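Notes for the one structure printed next.
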Amino acid sequence: QGGGMNSNAYRDIVLGELRAARIRAQLAMVEIDTLGVAVKAGLMPPSVAMEYIESYGLRFESFRNYMEISQIDIMEIEEK
């Protein structure tokens, strides 16, 4: 094999990466739940929660599309 990685070592690396990805996903779910609680309690405006989530690479596509179609300004909603 010329010093290359054997299939067991490769499998173990992939399994480790999958475990790490699962932990990152669980952390993201906890953070999303926490943001929801903060918005519901009025401790954080929805736009800040959306920015925070989007900074993780997640999207509110259907909501954003609705806002664009309806020409609604998120900041205007929050001021009311």
Side-chain angles (χ1 to χ4, degrees):
Q1 289 181 334
M5 186 181 304
N6 67 38
S7 62
N8 286 337
Y10 180 70
R11 183 199 67 212
D12 291 343
I13 290 170
V14 170
L15 288 172
E17 289 297 322
L18 289 170
R19 283 190 295 273
R22 183 174 190 276
I23 291 168
R24 286 191 300 273
Q26 288 174 321
L27 176 60
M29 289 182 346
V30 168
E31 290 180 353
I32 290 168
D33 289 346
T34 302
L35 290 169
V37 170
V39 170
K40 188 173 184 178
L43 301 172
M44 174 185 293
S47 62
V48 172
M50 290 176 63
E51 289 174 13
Y52 192 89
I53 291 299
E54 289 179 346
S55 74
Y56 275 94
L58 303 174
R59 298 279 181 234
F60 288 90
E61 291 300 327
S62 59
F63 180 74
R64 291 259 183 227
N65 291 340
Y66 171 77
M67 299 298 276
E68 288 175 14
I69 291 169
S70 303
Q71 298 180 346
I72 298 171
D73 183 6
I74 295 170
M75 298 307 286
E76 181 180 311
I77 294 171
E78 290 179 355
E79 289 174 2
K80 291 182 180 181

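What you see is a predicted model, and the numbers here were worked out from it, not measured in a lab.
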Gap separating the CG atom of Leu27 from the CD1 atom of Ile32, nearest 0.5 angstrom: 9.5 Å
Stepwise side chain to side chain contact (heavy atoms under 4.5 Å, CB included) test for Ile23 and Gln26: CA-CA 5 Å; Ile23 291 168; Gln26 288 174 321; 4.3 Å; yes
Within one Ile-Leu-Val-Met-Phe-Trp-Tyr cluster: Val37 and Met44, side-chain cutoff 4.5 Å: no
Distance, nearest 0.5 Å, that separates CG of Leu15 from CG of Asn8: 10.5 Å
Closest non-hydrogen atom pair, Pro45 against Val39: O-CG2, 4.3 Å
Ring pair (Phe, Tyr, Trp, His ring centres under 6.0 Å) involving Tyr10 - partner list, sequence neighbours excluded: none
Spatial distance of atom CG (Asp33) from atom CD (Glu31) [nearest 0.5 Å]: 10.5 Å
